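Owing to the predicted nature of the structure, the values given are computational and were not obtained by experimental measurement.
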Amino acid sequence: MFSARWQIDAKFGHKQTVIDMMRKWEREIGSQVGLADLKFRLMTGSVGAREATVEAHHEVESLAQLEEFFAKIAKIDAHAKWGKELEPYVVSGTSVWQILRIVE
């Protein structure tokens, strides 16, 4: 089991806009690729983390499941459009994926 975390930093004053856009992605794009099966959740920086940080967490059974997720979203035109709409509200260069193994 893995936790796939996508992290971005919102520009000052735009964190709520980024969160709202992430929720829109969840409803309109993620729902098309089985996001509900990945225990998706959003988190933001609080203590010991940058307040501007917004993280999307996806729980996957295997790296193959994550690759399948990536392949599916890459085929959705609305995903590319959404990314371009999000860009003005995000600090350039802060986007990063981290894949962590879940130890049970």
Student: Is there a path of hydrophobic side-chain contacts, each under 4.5 Å between heavy atoms, that joins Ile29 and Ile19?
Tutor: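 In one cluster: yes.
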
Student: Tell me every residue that passes side chain to side chain contact (heavy atoms under 4.5 Å, CB included) with Glu28, counting only those two or more places apart in sequence or in another chain.
Tutor: Lys24

Student: With sequence neighbours left out, what residues match Asp20 under side chain to side chain donor-acceptor pair (under 3.5 Å)?
Tutor: Gln16

Student: Taking only residues two or more places apart in sequence, or in another chain, which ones meet Glu67 in a salt bridge (Lys or Arg N to Asp or Glu O under 4.0 Å)?
Tutor: none

Student: For residues Ile8 and Thr53, determine if any side-chain heavy atom of one lies less than 4.5 Å from a side-chain heavy atom of the other.
Tutor: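 A side-chain contact under 4.5 Å is absent here.
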
Student: Under the rule for side chain to side chain contact (heavy atoms under 4.5 Å, CB included), what residues qualify as partners of Arg23, not counting sequence neighbours?
Tutor: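 Side chain to side chain contact (heavy atoms under 4.5 Å, CB included) list for Arg23, sorted by chain: Glu26, Arg27, Phe40, Leu42.
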
Student: Applying salt bridge (Lys or Arg N to Asp or Glu O under 4.0 Å), name anything that partners Glu68, two or more places apart in sequence or on another chain.
Tutor: Lys72

Student: What is the minimum heavy-atom distance between Ala10 and Val18, and which atoms define it?
Tutor: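 Result for this residue pair: CB-CG2, 3.7 Å.
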
Student: Using salt bridge (Lys or Arg N to Asp or Glu O under 4.0 Å) as the criterion, list what pairs up with Arg50, not counting sequence neighbours.
Tutor: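 Checked Arg50 against salt bridge (Lys or Arg N to Asp or Glu O under 4.0 Å); matches are Asp9.
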
Student: Mind checking side chain to side chain donor-acceptor pair (under 3.5 Å) for His58 and listing every partner two or more places apart, or none if nothing turns up?
Tutor: none

Student: Measuring from Met22:CE to Glu55:CD, what's the distance to the nearest 0.5 Å?
Tutor: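 Those atoms lie 10.0 Å apart.
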
Student: When you group the ILVMFWY residues by side-chain heavy-atom contacts below 4.5 Å and let the links chain together, are Ile99 and Phe69 in the same group?
Tutor: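 Yes, because Phe69 and Ile99 connect within a single hydrophobic cluster, where side-chain heavy atoms sit under 4.5 Å apart.
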
Student: Enumerate the residue pairs fulfilling side-chain hydrogen bond (donor to acceptor under 3.5 Å, both in side chains) with a member in residues 32-42, sequence neighbours excluded, ordered by first and then second residue.
Tutor: Lys39-Glu59

Student: What residues form a side chain to side chain contact (heavy atoms under 4.5 Å, CB included) with Lys11, not counting sequence neighbours?
Tutor: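 By the side chain to side chain contact (heavy atoms under 4.5 Å, CB included) rule, Lys11 matches His14, Val91.
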
Student: Checking Glu61 now: which residues fulfil side chain to side chain contact (heavy atoms under 4.5 Å, CB included) with it, not counting sequence neighbours?
Tutor: Met1, Gln65

Student: Just so I know, are the side chains of Phe2 and Leu63 near enough to count as touching, which here means a heavy-atom distance under 4.5 Å?
Tutor: yes

Student: Run the side-chain contact (heavy atoms from CB on, under 4.5 Å) test on Val54 and Lys15 for me, step by step, so that the C-alpha distance in whole Å, both residues' side-chain angles and the decisive distance to 0.1 Å come before the verdict.
Tutor: CA-CA 8 Å; Val54 178; Lys15 184 167 79 170; 4.1 Å; yes

Student: Please, which pairs that meet side-chain hydrogen bond (donor to acceptor under 3.5 Å, both in side chains) have at least one residue in residues 90-101, sequence neighbours excluded?
Tutor: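 Matches after skipping sequence neighbours: Arg5-Gln98, Trp6-Ser95.
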
Student: Pairs of donor and acceptor atoms involving the side chains of residues 74-90, under 3.5 Å and at least two apart or interchain, shall be tabulated with distances.
Tutor:
residue, atom, partner, partner atom, Å
His79, ND1, Trp25, NE1, 2.9
Trp82, NE1, Met21, O, 2.9

